[in-house]
Chemist: 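Shown below is the structure under consideration.
Position 1 is the first residue of the sequence; numbering continues from there.
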Amino acid sequence: MTTTPTFVDSDRQWQGAGTTSDLFALLRHRRGWTDEYLEAIDCEEHDALKDLETMVAALEDVRRSGGTITVAPDFDMDGIASGVLGFAGLKELGFEVNLYIPDYRRGHDLTIEDIADIHRHYPETTTLLTCDGGVNSHAGVRAAQALGWKILVTDHHQELAPGSAADVTVDPCRLDETYALRGICGAHVLYQVLEAYTAAHQPSKRWAIRLLRLFAGLGTVSDVMPVLYENRQLVRDSLSIARLLTAAAPRTVPNPYGGLDPNPDGIDVQKATLLQLLAAEPGEHDAAYLAAFEGFAVLLKAFAQAGKVRSVDDIDEGFYGFYVAPAMNSPRRIGTPLSDCFAVFTSPTTNQKLAAAQRVIANNERRKELVVEHLAELTDGDQPLAPWVYFSAAPAGMYGLLANQMMEKHGHPAVVLNRPATPSEPVSGSGRAPAWFEIIAALEGHEDLWAIGHQQACGVKLRTAAALDKLSAILESATRVAMLAAADSIGPASDLVLGPGPECDAPLTDVEPLIELVRRIETLRPFGHGFVEPVFEVALDGFRVDRIGTEKQHLRLVTGTGLACLWWNAAEEHHDRLAQTATSHDLEALRFLGRLQLNTFMGETRLQVVITEPL
């Protein structure tokens, strides 16, 4: 006899057999993931961006006339992905192309100084193609037009009045744009341009250009675009291509069990499947195009050497978001050269690419150390406008990271700025906000305050420090309004509760149904902004705690049945308290939020929990 699961109401009341299908159905019910919804968000059909055909025609005019394009990208991960995609793609299509490496100290706008640099290094330029920037760079565009250049802007940031001054602008956030999904990244915009150009003028190159979805998907995840509609298939395609660029490490390192472990230093990237496929077409591809894909394979090797990639299964959207993007964003955070980020994909030799990738990863380790140092300034220093506005002596490139930390700590928007010396001094920094709050909209209409970028992640500027109190007051009052508006849509912190007791949806003692639940959840990937990975509340009524990691910086909580709960970088802050709790015979269960994962070792698959937040 089978039991039909029954929803009693929309809260946590559930009646059923407790099987995997019941849990998965309950999860979908609480998330509102109906069949219709899941089918709708997987639809990748979309209209064409405005002026896409106009830009395609402009590019063909450049090629036919023998002109030279200089690609001018932004300096974050989306900008780097855009620049590499544009340079490699246009070279593959037969264009004369230069790639300009931006100076992040000048900010995100294309400046007059940038134009002077481009003119000095690439005087043969006839067309400037921006990517992931330029829509509001009026001074830079005018300076470039004064040189007689044609200006083609591809961007995805909000266009501000009076609008772009470029010859052609393609941007889902143009003032007159009707494109449905405004949240596509800069690399995706440029990819759509190249895809449309290829279809119109060089259809034989469709497969080659489609492989560049690798970089457009990387930009999508790194710029925290919603993983919905056309973005979902783009990210899936990107990850599939990335996996084809992995090469197995030879097993040459002896282990304590009498076997051999993989040696990432011995990885031969040329054995990656995609590189072998491309090599099987001699003379068919441009050297810059081939270098971009070899660079990605080399980057994967460098992360394997750093212990972040152990198998092809580690290449997922989390790898993009938690490893690749932070590493590529690290130079501007700590003030080191940006050139290495591009050199990974453009250097002439494999060894040069690898050395650049290793430096990028090392920079990111330094960035992590600096974040810890400067967070102390925000939490322990003189912060008269906290918890809305903070002052920092960190490098300006770190303001966004710090603002994000404070936003996550308090659950509302936060802005981090340079500390002004006088009331008349201009002030600038970065703001971060939860999905339910729009910083740019909140500051709109205030002449002495403005924000540029994305609604939840943007640069914030004040005409003078005299407006600081006003900024803090606006954030506080607008947050109250936004929280009231969003209150009805904010559900419980977790999707399912696991552990002992009648209030729990499933016990932790029977792991087989939970393993199958995780496998069902995996079929719904990719997860990300707009379609987040399920979160579980876990209750433990008995466990032991161990310190693990090369520096004993992580914690592993193990239940009586052998379930491991991992808490990264938590040993220093939480070990002593948890060790005392584990031996105190306290009847109250330890509770935390976490994600369920499967770990396969020596042919055996086990369930584990990754702790994300204590309760």
Side-chain angles (χ1 to χ4, degrees), residues 28 31-57 59 78 81-82 85-86 89 93 131-132 135 153-159 168-243 316-317 320 435 454-455 522-533:
R28 287 185 52 178
R31 281 290 183 94
W33 289 348
T34 63
D35 290 341
E36 294 76 14
Y37 171 76
L38 293 175
E39 181 180 357
I41 66 169
D42 258 344
C43 178
E44 59 179 314
E45 296 179 1
H46 58 84
D47 293 334
L49 290 157
K50 283 188 181 295
D51 283 337
L52 186 68
E53 292 184 358
T54 305
M55 185 166 286
V56 166
L59 288 173
D78 186 21
S82 301
L85 184 156
L93 293 168
C131 41
D132 191 30
V135 70
V153 165
T154 64
D155 200 347
H156 72 132
H157 295 94
Q158 180 60 56
E159 182 182 33
V168 186
T169 298
V170 176
D171 183 340
C173 293
R174 264 175 47 169
L175 292 170
D176 61 344
E177 181 59 84
T178 58
Y179 191 84
L181 181 61
R182 296 168 71 84
I184 62 174
C185 73
H188 192 181
V189 175
L190 182 52
Y191 171 79
Q192 289 195 34
V193 171
L194 296 186
E195 183 180 51
Y197 175 87
T198 304
H201 299 288
Q202 296 191 45
S204 64
K205 288 289 185 180
R206 279 179 171 173
W207 180 77
I209 296 303
R210 190 164 180 83
L211 288 176
L212 293 172
R213 290 170 72 83
L214 167 69
F215 297 100
L218 174 58
T220 297
V221 175
S222 66
D223 231 32
V224 200
M225 296 293 100
V227 188
L228 302 169
Y229 310 110
E230 60 263 39
N231 283 347
R232 290 184 64 73
Q233 189 59 47
L234 177 65
V235 172
R236 290 192 187 107
D237 290 348
S238 176
L239 292 169
S240 295
I241 297 166
R243 291 167 188 142
D316 58 15
E317 61 270 33
Y320 280 2
H454 305 296
Q455 292 287 0
E522 288 295 304
T523 65
L524 300 177
R525 287 193 178 277
F527 294 113
H529 180 55
F531 189 71
V532 298
E533 186 174 358

Chemist: Listed by chain and number, what are the side-chain hydrogen bond (donor to acceptor under 3.5 Å, both in side chains) partners of R236, not counting sequence neighbours?
Modeler: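 Scan of R236 (side-chain hydrogen bond (donor to acceptor under 3.5 Å, both in side chains), adjacent residues dropped) gives D42, Q233.
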
Chemist: Provide the full list of salt bridge (Lys or Arg N to Asp or Glu O under 4.0 Å) pairs with a residue in residues 177-202, sequence neighbours left out, each pair given once.
Modeler: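 Output for this query lists E195-R210.
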
Chemist: For V235 versus G217, what's the shortest heavy-atom pair and its separation?
Modeler: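 Closest approach of V235 to G217, heavy atoms only: CG2-O, 4.2 Å.
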
Chemist: Within the structure provided, determine whether F531 and R232 are in side-chain contact (heavy-atom separation under 4.5 Å).
Modeler: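 They are in side-chain contact.
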
Chemist: By the ring-ring contact (aromatic ring centres under 6.0 Å, His included) test, which pairs, at least two apart or in different chains, include something from residues 181-207?
Modeler: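 Every pair satisfying ring-ring contact (aromatic ring centres under 6.0 Å, His included) with a residue in residues 181-207: F95-Y197, Y197-H201.
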
Chemist: In Å and rounded to the nearest 0.5 Å, what is the CG to CZ distance from L524 to R31?
Modeler: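 Nearest 0.5 Å value for the CG-CZ distance: 10.0 Å.
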
Chemist: To the nearest 0.5 Å, tell me how far L85 CG sits from L190 CG.
Modeler: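 So the gap between those two atoms works out to 5.5 Å.
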
Chemist: Under the side chain to side chain contact (heavy atoms under 4.5 Å, CB included) rule, what do L93 and T198 come out as? Steps first, then yes or no, please.
Modeler: CA-CA 8 Å; L93 293 168; T198 304; 3.7 Å; yes

Chemist: Show me the donor-acceptor pairs within less than 3.5 Å that the side chains of residues 43-55 make with the rest of the protein, sequence neighbours left out.
Modeler:
residue, atom, partner, partner atom, Å
H46, ND1, Y179, OH, 3.3
D51, OD2, R174, NH1, 2.8

Chemist: Mind checking what makes salt bridge (charged side-chain N to carboxylate O under 4.0 Å, His left out) contact with E317, not counting sequence neighbours?
Modeler: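 Salt bridge (charged side-chain N to carboxylate O under 4.0 Å, His left out) check on E317 returns R525.
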
Chemist: Are any of the side-chain heavy atoms of F527 and V227 separated by less than 4.5 Å?
Modeler: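 F527 does not reach V227 side chain to side chain.
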
Chemist: Restricting to side-chain hydrogen bond (donor to acceptor under 3.5 Å, both in side chains), what partner residues turn up for D223, sequence neighbours left out?
Modeler: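 Residues passing side-chain hydrogen bond (donor to acceptor under 3.5 Å, both in side chains) with D223: H156, H454.
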
Chemist: Can you see which heavy atom on S82 is nearest to which on A187, and at what distance?
Modeler: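 Here S82 and A187 meet closest at OG-N, 3.0 Å.
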
Chemist: Which residues pass the side-chain hydrogen bond (donor to acceptor under 3.5 Å, both in side chains) test with S238, sequence neighbours left out?
Modeler: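 Listed in chain order: Y320.
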
Chemist: Suppose we screen for side chain to side chain contact (heavy atoms under 4.5 Å, CB included). Which residues come up paired with Y229, at least two apart in sequence or across chains?
Modeler: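 Listed in chain order: I41, L181.
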
Chemist: Is any side-chain heavy atom of V170 closer than 4.5 Å to one of Q192?
Modeler: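 No; the side chains remain at least 4.5 Å from each other.
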
Chemist: Is there side-chain contact between V135 and Q158, with heavy atoms separated by less than 4.5 Å?
Modeler: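 No, every pair of side-chain atoms sits at 4.5 Å or beyond.
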
Chemist: Do the side chains of N231 and I184 get nearer than 4.5 Å, heavy atoms only?
Modeler: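 A side-chain contact exists here, since the closest heavy-atom pair is under 4.5 Å.
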
Chemist: Would you compute the distance between atom CG of L194 and atom CD1 of I209 and round it to the nearest 0.5 angstrom?
Modeler: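 Between L194 CG and I209 CD1, I get 6.0 Å after rounding to 0.5 Å.
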
Chemist: Minimum heavy-atom separation for L228 and Y37, please, with both atom names.
Modeler: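 That would be CD2-OH, 4.1 Å.
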
Chemist: List the atom of C185, the atom of G219, and the distance in Å for their closest heavy-atom pair.
Modeler: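 That would be SG-C, 3.5 Å.
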
Chemist: Can you tell me how far the OG atom of S240 sits from the CG atom of L211, to the nearest 0.5 Å?
Modeler: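 The OG atom of S240 sits 11.5 Å away from the CG atom of L211.
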
Chemist: May I have the step-by-step check of side chain to side chain contact (heavy atoms under 4.5 Å, CB included) for D132 and H157, ending in yes or no?
Modeler: CA-CA 8 Å; D132 191 30; H157 295 94; 3.3 Å; yes

Chemist: Decide side chain to side chain contact (heavy atoms under 4.5 Å, CB included) for L38 and R28; before the verdict, give the C-alpha distance in whole Å, the side-chain angles of both, and the deciding distance to 0.1 Å.
Modeler: CA-CA 10 Å; L38 293 175; R28 287 185 52 178; 3.9 Å; yes

Chemist: Any non-hydrogen side-chain atom of L59 less than 4.5 Å from a side-chain atom of V193?
Modeler: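 With C-beta onward as the side chain, the pair touches.
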
